[in-house]
Every structure is written in C-alpha cells, then in structure tokens.
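Just so we're on the same page: letters track the sequence lines, and every chain starts at 1. These numbers were taken from a predicted model, which means no experiment stands behind them.
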Amino acid sequence: MPAYSSDAERLIEVSHLAEVQGRSLWADARSRFVRNKAAMAGAFILIVIAFFALFGQLIAQYERDMIDFTLIGANMQKGVPSIETGHYFGTDSSGRDLFARVVQGTQISLMVGIVGALVAVIVGTLYGAVAGYAGGRTDDVMMRLVDVLMSIPFMFVLILMLVIFGRSIFMLFLGIGLISWLDMARIARGQTLSIKNKEFVEVAHATGVAPFKIIMRHIVPNLLGIVIVYATLLVPQMIIFESFISFLGLGVQEPNTSLGALISQGASNMAYGVLWQLFFPLGFFVLTIFGFFFVGDGLRDALDPKDR
Amino acid sequence: MTDPILSLRNLSVTFDIRPRGAWPWTQPLKLHAVSDMSFDLQPGECLGVVGESGSGKSTLARAIVGTVPSSGGQINFEGHDLADMTPRQRRVHRRDVQMIFQDPLAALNPRMTVGDIIAEPLVTHEPNVSRADRKARVQDMMQRVGLLPNLVNRYPHEFSGGQCQRIGIARALILKPKLLICDEPVSALDVSVQAQVVNLLRELQRDMGLSMIFIAHDLSVVKHISDRVVVMYLGRQMEVGEAQTITMRPEHPYTQALIASVPIPDPVLERKRARRTLDGELPSPISPPSGCVFRTRCPKAQPSCAKAIPPMLEVAPGHLVACPYHEPENVLAVSA
C-alpha cells in the first residue's frame with residue numbers, strides 16, 4: 001500500500017472504498033439543461049409534436065387522400081373543424097381530412113429536418129475534423145472544395161434538379177443533404193484546429209495512437225457540444241427550406257404533403273373564409289420551429305456555460 | 001560505461017515560418033528552435049534541462065518523443081536513429097519513451113474518465129489485454145502514484161492540479177517505459193505540491209529504473225532531482241555537467257546569470273549578495289546572433305565572440321562549457 005500524503009486522503013479512502021461514479025461533462029450539461037425552463041418547454045412541445053406525427057394517423061377518422069365529394073364546394077358549411085364530423089381540423093378545398101394531412105405534413109417536415117441535420121452531423125463533423133486534423137495541403141484542398149460548393153446558389157440548383165429529374169422526396173432529401181453539411185464542416189474544422197493543439201492530443205500522438213483513432217476518441221467527443229447545438233438550430237432551417245420549396249410547388253407532391261405545401265394551399269384559399277386551412281398547418285410549423293430554437297438555445301447554454 | 005539509452009548528435013530542429021501575406025513561392029524563414037545539441041543519457045540517469053522561456057527546451061523534448069521532426073543531426077534511441085526507424089522500431093520507441101506535460105489539466109481529455117485516460121497507452125500497445133486485467137493494472141498504477149484506485153470513473157475536472165499531474169504520470173508509466181521526458185511537470189503547481197510531485201517522480205525513477213529528462217526553468221527543482229544538467233540558451237547548449245558542479249561552481253556566464261536570478265530563502269544571505277541580472281530580451285531565433293548566441297547579453301562579451309560559434313570546452317571530466325572566457329564562480333547557496 002502506498003503511503004498517503006495526508007490524513008485527509010486516508011479519510012477519503014475509508015469513507016468511500018467503493019468505486020465512485022464521476023460526473024461527466026455530459027451529466028453536468030444535462031442538469032443545466034433540465035434547469036432551463038424555456039428549453040424544457042421547447043423539448044416538451046417537440047415531444048408532443050413528435051408523438052402527433054408518429055401516432056396521429058391512429059386517431060384520424062379519415063384517410064389522408066380520401067376525397068369526400070359531398071364536401072367540395074361546401075367547405076365553408078360542412079368542412080368546418082368539429083369533433084362530431086370527425087374532421088378535427090376541418091377539410092381542405094378538395095374535401096380531404098385536414099387532420100390526417102397535417103399529421104403527414106408534420107412527419108415529412110420533421111423527417112426533412114432530421115435527415116438534413118443527421119447528414120450535417122455525420123458528414124460535416126467527420127469532414128471538418130479530418131480536414132482540421134490533417135492540416136496543411138489536405139486541409140486547403142478539402143476546405144476550398146467546401147468554399148466552391150458554398151458559392152453555388154443551391155436554391156437555384158435544387159429547383160433545376162427538381163424540374164429536370166422530376167419532383168420526388170428523394171431528390172429533396174438529396175438536395176438538402178448536399179448543402180446542410182457545408183457549414184457544419186467549417187465549424188467542425190475551426191474547432192478541431194484549436195483542439196488538435198491541446199496537449200492531450202499530443203500525448204495520444206506521442207504514444208502512437210493511430211490518427212483516425214485520435215480523431216474519433218479525442219477530437220470528435222470534444223467537438224460534439226458545438227455540433228449538437230448547431231444541429232438543433234439547423235433542423236428548423238431545413239424545415240423552412242423544405243417548406244419554401246414546397247410552397248413554390250416543387251417539393252413534396254400530391255397526394256403526399258408537407259407543412260409547407262399545406263400552408264401554401266391554405267394561403268391561396270384564405271380569401272374564401274376557410275382560415276383553418278392556413279392556421280392548423282401554420283400553427284404546427286411555428287410550434288416545431290420554436291421548439292427547436294428553444295432546445296438549441298438551451299443546449300448551447302448547457303454545453304457551453306462560459307458563454308453566458 | 002554502459003551504452004547510453006539516448007544519445008543526441010548535433011540535433012537541430014528548425015521550423016519554417018511563412019510571413020503573413022507572403023507569396024506561396026517565397027522561401028519561408030527558418031526559426032532555429034534547437035541547434036547542435038549533443039549529449040548522452042545513461043540508463044537510470046536523470047538529466048536536467050534548464051534555460052529561460054523560449055530557449056528550445058520543449059522543442060527538444062518533442063523532438064526526442066518524435067512529435068516534431070528533427071531537421072539535422074541524429075537522435076539515437078537504444079542505438080537506432082529516430083529518423084530511419086522501421087515502423088516496428090518506431091512502435092517500440094513510442095512505447096518506451098513517454099512524456100509528462102506542463103499543464104496537467106490540458107494534458108487530459110476532459111471527456112474521458114481517468115481510468116480510460118490511464119489505460120489509453122495500454123489499449124494502444126497491448127490490445128489483447130483483457131478488460132479486467134487492464135483495470136487491475138490501471139488501479140495498481142494509480143496506487144503507485146498516490147491516487148485512490150476507486151476514482152477510476154471520475155473525470156479530470158474533478159481533480160486538483162497535483163492529482164491531475166499524478167494521473168499524467170500514471171498514464172506515462174503504465175507501459176513501464178525506459179525513458180520518461182518531463183516537460184516542466186511542476187511549474188504549474190503550488191510549491192507544496194511541487195515537492196510532492198518531484199519526490200514522487202524521484203521515487204518512481206529509482207523503483208522502475210527509469211531514465212529521465214527533466215525540463216524546468218527552476219534551477220532549484222532541477223538540482224534536487226537531476227544527476228547531470230544541460231543549460232540551454234536560444235536552442236544551443238551552453239554548459240553541461242554534474243548537477244552539483246553546475247549549481248555550485250558554474251563556469252559559463254549565462255549559467256552564472258541564471259543562478260544569480262534564483263532567490264535565496266535566507267534573507268540575510270539574499271541581501272548580502274550582489275545581484276547581476278541580464279539586460280534585454282532573448283534575441284529572435286529566426287535570426288540568431290552570429291558566433292556565440294549569448295554575446296548580445298553577455299557581461300564578458302569580446303569582439304571575437306561574434307566571429308565563430310564557440311566549441312564545447314571540457315574544463316573538467318564531464319563538464320563542458322561553450323565559452324572560451326569561462327571562469328568558475330562560487331555560488332553562495334541555491335535554495336534546495
């Protein structure tokens with residue numbers, strides 16, 4: 001047994017001989033996040049919306065693409081939101097159940113946002129970390145490629161792609177995946193540059209840990225804080241992006257729908273007094289985006305307490 | 001005499017500095033971090049390296065570990081030159097040469113538990129060791145460096161500076177290396193903790209038969225732990241010799257100035273002694289002075305000092321001085 005330098009250490013040894021579970025930085029961040037009321041409210045809203053998107057179809061009384069011909073032209077009278085008729089959110093101008101359509105729209109919008117953010121997190125983080133860690137000429141080439149891709153007006157290219165290759169959800173995902181990782185790669189690279197000069201990376205290098213392992217074990221975990229924050233703020237951006245494309249009529253195609261497409265239809269029918277066609281999808285859209293922003297803000301405060 | 005475990009021959013390390021806004025095809029400037037270092041390290045010996053900030057001590061350490069490429073000369077580790085090692089030899093070198101850093105907290109990954117940090121060299125070099133075995137070795141090592149083994153699942157930010165340095169030592173020693181390089185391991189710690197860590201290092205060195213290179217700018221710490229001392233200035237060695245000789249009877253004017261700057265804890269002695277401090281700043285390592293690099297601040301500088309780089313003169317067996325105008329000076333006392 002070693003000689004302990006003080007009685008205090010001996011006391012500590014006696015008082016907890018059992019292995020102590022340490023509080024990781026993640027655990028600290030989690031407790032800070034839980035204490036943040038706005039962020040928790042945002043998280044709660046998001047969970048409710050996610051449940052709505054996942055299980056709403058089970059509550060819906062009608063299929064989302066079933067056209068009720070008796071309602072066409074009589075929307076103002078018979079298509080009003082009501083619990084009795086089973087059209088909880090009313091019907092759209094073609095006599096389809098708006099509730100079922102909003103459920104699907106939310107699904108698609110969330111999916112677009114999450115796919116975009118996932119691509120950004122996986123591709124962007126790795127790309128940026130590799131570029132930053134490699135440094136020198138590799139870094140130059142990789143980052144100039146990002147610069148070139150960024151300088152292309154993507155909205156324009158995406159619209160062209162949708163027009164040429166046909167409008168499909170796959171094309172939309174491809175387009176969103178293509179742009180979403182660029183910013184993330186830059187952020188990850190910048191962070192990597194500061195982390196790779198830390199001494200613990202040098203120790204790993206000197207011990208002979210392989211470069212890719214250093215990136216995965218030492219750099220990426222220390223990047224994740226900022227990456228997660230940026231990803232949560234990226235999700236609403238992607239949702240807005242998709243909505244814009246759908247609003248232009250180029251995104252998701254009938255009979256499928258997204259929140260953007262629903263808002264577009266609602267907006268064009270505003271003049272006929274069927275305001276529910278606008279407000280229900282718009283409400284979900286705004287709530288989702290607020291939820292993500294609040295959660296993102298909360299995460300930033302929780303993961304980076306020095307910035308407050 | 002046995003074969004030295006490490007021998008440097010005219011080692012130089014230069015860095016390319018590209019001035020801001022320069023054209024890509026212009027020749028980069030050369031920063032001479034380390035020039036013409038030669039010394040041998042015997043197995044089980046502790047060599048102190050002293051010098052003021054910017055004298056190239058850390059670069060020397062990094063060149064020996066192999067994280068900074070040398071640009072001239074040789075680093076022979078157990079007879080193999082670092083520059084043309086086969087991957088297999090390099091792996092052995094990485095295993096047998098470990099390093100301890102100045103900032104104890106920055107040297108630990110904040111997202112890993114202490115157990116994982118200490119086990120990392122083990123996982124890298126002995127991937128076949130079973131999980132239970134690995135844990136046992138980590139906890140054994142933690143006990144040896146004076147940490148409680150039940151803290152394996154804690155994170156670095158939950159420890160004090162001294163404890164963090166012990167974690168760094170445990171990580172460096174878990175593979176039972178032959179050479180340990182300590183890059184100012186105690187300068188970020190409290191004086192009381194410094195003593196604990198230095199004594200721990202000494203104890204471990206004796207028990208494990210380590211060779212050690214101990215870098216510091218604090219002469220009293222170096223004197224306490226080292227057998228021999230190298231004094232560096234602007235990337236060059238000024239004086240090499242036994243720790244006792246260097247600290248008690250320094251010959252080189254720079255060493256004398258360094259020792260004169262160490263305060264003596266006895267106020268009576270401290271008041272009595274004549275203080276000589278060096279004027280000016282360390283010259284730029286991008287364009288070092290011609291001849292003797294120390295001549296710009298040397299009290300004994302002569303016109304001839306600018307002409308040629310002074311060779312290392314052997315004034316006594318094992319005591320080398322890079323100054324033709326050297327003369328011994330008796331030192332009152334250096335705080336231990």
Peer 1: Salt bridge (Lys or Arg N to Asp or Glu O under 4.0 Å): which pairs involve residues 112-128 of chain A, sequence neighbours left out?
Peer 2: none
Peer 1: Counting only heavy atoms from other residues, nucleotides and ligands, does the tally under 6.0 Å from CZ of A/Phe33 exceed 12?
Peer 2: yes
Peer 1: Mind checking whether A/Val209 and B/Glu120 have side chains closer than 4.5 Å, heavy atoms only?
Peer 2: yes
Peer 1: When rounded to the nearest 0.5 angstrom, what distance separates OG1 in A/Thr207 from CE in B/Met99?
Peer 2: 11.0 Å
Peer 1: Take a 6.0 Å sphere around CZ of A/Arg144 and say whether it holds more than 12 heavy atoms from other residues, nucleotides or ligands.
Peer 2: yes
Peer 1: When only pairs under 4.5 Å are counted, which of A/Glu199, A/Lys198, A/His218, A/Lys213 shares the most heavy-atom pairs with chain B?
Peer 2: A/Glu199
Peer 1: For A/Leu46, which residues count as a side chain to side chain contact (heavy atoms under 4.5 Å, CB included) partner, sequence neighbours excluded?
Peer 2: A/Thr288, A/Phe292, A/Val295
Peer 1: Counting only heavy atoms closer than 4.5 Å, note whether B/His125 contacts chain A via side chain, backbone, both or neither.
Peer 2: side chain
Peer 1: For chain A, which residues of residues 63-70 of chain B have at least one non-hydrogen atom nearer than 4.5 Å to it?
Peer 2: B/Val65, B/Thr67
Peer 1: Tell me, please, which residues at least two apart from B/Arg111 pass salt bridge (charged side-chain N to carboxylate O under 4.0 Å, His left out).
Peer 2: none
Peer 1: Highest number of heavy-atom pairs under 4.5 Å with chain A: which of B/Arg62, B/Gln98, B/Gln102?
Peer 2: B/Arg62
Peer 1: Side-chain contact, heavy-atom cut-off 4.5 Å: B/Met112 with A/Phe200?
Peer 2: no
Peer 1: At a heavy-atom distance under 4.5 Å, which candidate from B/Thr124, B/Val145, B/Asn109 has the highest pair count against chain A?
Peer 2: B/Asn109
Peer 1: In terms of heavy-atom proximity below 4.5 Å to chain A, should B/Asp103 be classed as side chain, backbone, both, or neither?
Peer 2: both
